[in-house]
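Everything below concerns the one structure shown next.
A note on names: the letters A, B, ... follow the listed sequences, proteins ahead of strands, and every chain is numbered from 1. All values derive from a computational prediction rather than experimental measurement.
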There are 4 protein chains.
Amino acid sequence: MRIGVLTAGGDCPGLNAVIRSVVHRAVTNYGDEVIGFEDGYAGLLDGRYRPLDLNAVSGILARGGTILGSSRLERDRFAAACDNAKELVEKSGFDALIPIGGEGTLTAARMLSDAGVPVVGVPKTIDNDISSTDRTFGFDTAVGVATEAMDRLKTTAESHQRVMVVEVMGRHAGWIALESGMAGGAHGICLPERPFDPADLVKMVEERFARGKNKEARPVILGHVQRGGTPTAYDRVLATRFGWHAVEAVHRGDFGNMTALRGTDVRMVPLAEAVTRLKTVPEDRMREAESVF
Amino acid sequence: MRIGVLTAGGDCPGLNAVIRSVVHRAVTNYGDEVIGFEDGYAGLLDGRYRPLDLNAVSGILARGGTILGSSRLERDRFAAACDNAKELVEKSGFDALIPIGGEGTLTAARMLSDAGVPVVGVPKTIDNDISSTDRTFGFDTAVGVATEAMDRLKTTAESHQRVMVVEVMGRHAGWIALESGMAGGAHGICLPERPFDPADLVKMVEERFARGKNKEARPVILGHVQRGGTPTAYDRVLATRFGWHAVEAVHRGDFGNMTALRGTDVRMVPLAEAVTRLKTVPEDRMREAESVF
Amino acid sequence: MRIGVLTAGGDCPGLNAVIRSVVHRAVTNYGDEVIGFEDGYAGLLDGRYRPLDLNAVSGILARGGTILGSSRLERDRFAAACDNAKELVEKSGFDALIPIGGEGTLTAARMLSDAGVPVVGVPKTIDNDISSTDRTFGFDTAVGVATEAMDRLKTTAESHQRVMVVEVMGRHAGWIALESGMAGGAHGICLPERPFDPADLVKMVEERFARGKNKEARPVILGHVQRGGTPTAYDRVLATRFGWHAVEAVHRGDFGNMTALRGTDVRMVPLAEAVTRLKTVPEDRMREAESVF
Amino acid sequence: MRIGVLTAGGDCPGLNAVIRSVVHRAVTNYGDEVIGFEDGYAGLLDGRYRPLDLNAVSGILARGGTILGSSRLERDRFAAACDNAKELVEKSGFDALIPIGGEGTLTAARMLSDAGVPVVGVPKTIDNDISSTDRTFGFDTAVGVATEAMDRLKTTAESHQRVMVVEVMGRHAGWIALESGMAGGAHGICLPERPFDPADLVKMVEERFARGKNKEARPVILGHVQRGGTPTAYDRVLATRFGWHAVEAVHRGDFGNMTALRGTDVRMVPLAEAVTRLKTVPEDRMREAESVF
């Protein structure tokens, strides 16, 4: 078989691990040919791809970024191409496509699937906000980076009586804030799921001040540091398993689905199901953290 | 209420995070009194304990080891004490006991429970070999440490044509070997679950040599480096959740059980169930790794 | 002898390592008594201190912050106290004082010394801007933290065609920017030593864009993450050596000086010399970096 | 000019950083051509090399190992080639050679230099045992790795009453043991410079046992973990500076020397001087550590 793979959307530690795993499983076990589309769906639309053999993926398991590049979806052009899906497939001559990406990428994958393209999706987001999978790769690394920063800030906060405010990623779902806040021992965690009055934050900070902290809050903006660089072991294992199972699904003819972690197992779930709603932090997880306010 | 907590068995990153979480939840939410038995069950038998308030657990979330100390179980003495469980409870005057430990500790916890002591267990093992919980805290840290070592070895192996052999923990269950091997990109993984002829290992190493590697295999023994030091964010979150749920179970009167991760939820499962069989690496997980031989 | 120690000014990885080293050397080798003034010079003025024995410094070598606390200098009150230095010394009854701190702290140390107080200074600044010592502890950690962030950003920048801008510490001296920029492979480094027109920065960024980068520069503000948390091995060793030599100087009666790294040796240099001018990045170090503009 | 570069001897974090720096400086500033000999001196003897342009060294700054490969010196063949040095230079047509390596490599470099080859050496050893340079790159990384392992072991040792024994590199010079022992807070450090009776070690361990430690010493063998993987920021900066200065020396016609760190400056020192004696740990550095026995 000839399997196409692409990565789309923002950066996420583990992308290369998925690509490598797809190539390893497909080439070594099935003798497949794997091609990598460049710069996400743009490469698919343009027919820009390169062959991916074992050499091409050597040494990339622990590397951040994506060797295939990525780009945002050009929606109109993509929709037009879907209308002519058969031609799209013939242009690059692949038997199955494995798009790796977040909500937008998987929605596009579903459009392709509906248009008749044999697709197996792999979900990707550092925000962990894709429903129907327990966790996504990249999230553990993001939480780890944010926690490490908090570890460093804590000793200063304690010794020098300062309040530290750390901004982490997750605009729509507060998973990174929740878990790094718990792991870093935050005194207060603000989540997008629980709209708060900035006055409440000020009040909480003032209460801490009243316990002896100086009135100088120091902001830290981690930004893209959370989504780049080498993935944690957890993310590498999950990404590798996703890639492996995606190839298995291809060879079973199990299309229109995406890989998902359920408990300790990787299962296939319908792409349709994956993208219908955002997985936000539920009330009971907030209660466990205690410091969400 | 007056809640006793103890840690028993070998070291495991996250023990302090559980202790801290128990104290935080019990003291802040319920106004409980928490006492910490010293050196595991030995402290329980001797009535050696100290009060644990918020101050006592300040700054321990990210610290390895256990502030309570630990020791091996003196089986005979312990069995004798179980025969007189009521006295044991009265000596220290607790209403519930939260033992944190591995298979031996949980077996002992079950004996106490059977003898009428109100017990809520928290499973602990870096080996991840306790059935009925998807994962245990400490395991992620151990895998992370082993993976980091392999990352370092890989560049040398590649540039200097050497074969590296890394010994990791997990005598009875190969989870650390499996996941760190996958995360580190090992060419071959030996697991206790799949007995192998040393000759096979030699053969595999020779095959690698034949591909250009020098005939000088370098051994690395990580030993206790895997089970000490600061826990990963993942382990801190899981440990914190276990501690939180253990206190909730105490206040529900939900005794004789232990905390367990099932998918994304923490549930209570019977202590009896937890310790009946070792969770080993199943065949399908080995297949995903491809390099198990 | 009775030796007083204090930490003043902003946080800096290695402060605890100095304190520990002072106590170890003084207590173990000389049988001294060591007292730690709380919150910097404030504790000295108020006579607030606590005894520091071997137990008090156990386990702090690798910990960020300072167990003694710190505070800014109240200049007027301090000057007044210097006028009555004899009384100041008698209040706490010490034979020598070891203040650990940056430029302000060392200037104050010199005032104390001029007023007749037996002082041995230990220089501290993550900015590395104290002349007369080759390096200061804390600097290596700050550079390491900034470099790690850049490592993470690089893979994203490369795969996703983005320009990343990282703000690091060092308002008056660009050592952290210089060395983390070199270590992180920055394409351009802005230093306070070389005033630049913001238009030049825009131009340089645009030139990178012209080579294919998207026009979306992502800012990262590391802030206090650089000055907290566990020190690198380098900083621990340097801090330990400084503490050791400070005690030796005390016992030689070598006052009015501070410890300094010169090549591979720790030497004593006059406090006067240390604080007269800021050590900025010289032209030839900029040339080595090539990317300073 | 046409500059040849090669790496020889064991692995050492920072090798790639030197190669990259040589190429950057030579190509960007001087418009030189750089060629990289493969597998150390073997590539020089065989005339096996490849061109190194900016692309060839892209992304290698933080990577362990060496993109050029390395090998042990074949002494006889090398000596024979030196007898015909002119031919050797003509075979690959280079105007200057920059060999990067340890004592053996630099001795060979000196032989080449004596035979008339224009050589600028760059010293490399994780052991830090080359006299005439304050420090060598790779050493800081090795110390960091060993210290990190000790940090992890300490919490276990403390909580579980165990004695841990860590074997680090440095057969002939104990720098790694000294500095990682100081940074890791070791209770005792054994150095090759101070021959000790194993009975003394046993006695010291027993004394620790007597203070409550269990009689179970746990060995850790870090092995090649110390010499592989990503270099610390310190080592990257030093390696980059060495590469830069090597190219400057080439263009000054300053041959027969090697780069050396002296205080904060990089200077050129005669190859002859560099290899005459091993830089071992002097008595006064041992005294600072206190725990050397």
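For chain A, no part of C:E167 is nearby; none of its heavy atoms comes within less than 4.5 Å. The part of A:V145 that comes within reach of chain C is its side chain, from C-beta onward, which places non-hydrogen atoms under 4.5 angstrom from that chain.
Residues passing the salt bridge (charged side-chain N to carboxylate O under 4.0 Å, His left out) test with A:R75, sequence neighbours excluded: none.
Sorted by first and then second residue, the salt bridge (charged side-chain N to carboxylate O under 4.0 Å, His left out) pairs involving residues 97-106 of chain A (not counting sequence neighbours) form an empty list.
Ranked by heavy-atom pairs under 4.5 Å with chain C, the first of A:G69, A:S70, A:G223 is A:S70.
Taken to the nearest 0.5 Å, the OG1 atom of A:T155 stands 11.0 Å off from the CZ atom of C:R227. Between C:R162 atom CZ and A:H224 atom NE2 the span is 5.0 Å, to the nearest 0.5 Å.
Side-chain contact between C:I221 and A:V220 is absent, with no heavy atoms from C-beta onward closer than 4.5 Å. Using a 4.5 Å heavy-atom threshold, the side chains of C:T141 and A:R152 count as touching.
At a heavy-atom cut-off of under 4.5 Å, chain C is reached by A:G9, A:G10, A:D11 from residues 7-22 of chain A, listed in order of number. Residues of residues 60-68 of chain A having a heavy atom under 4.5 Å from any heavy atom of chain C, listed by number: A:G64, A:G65, A:T66.
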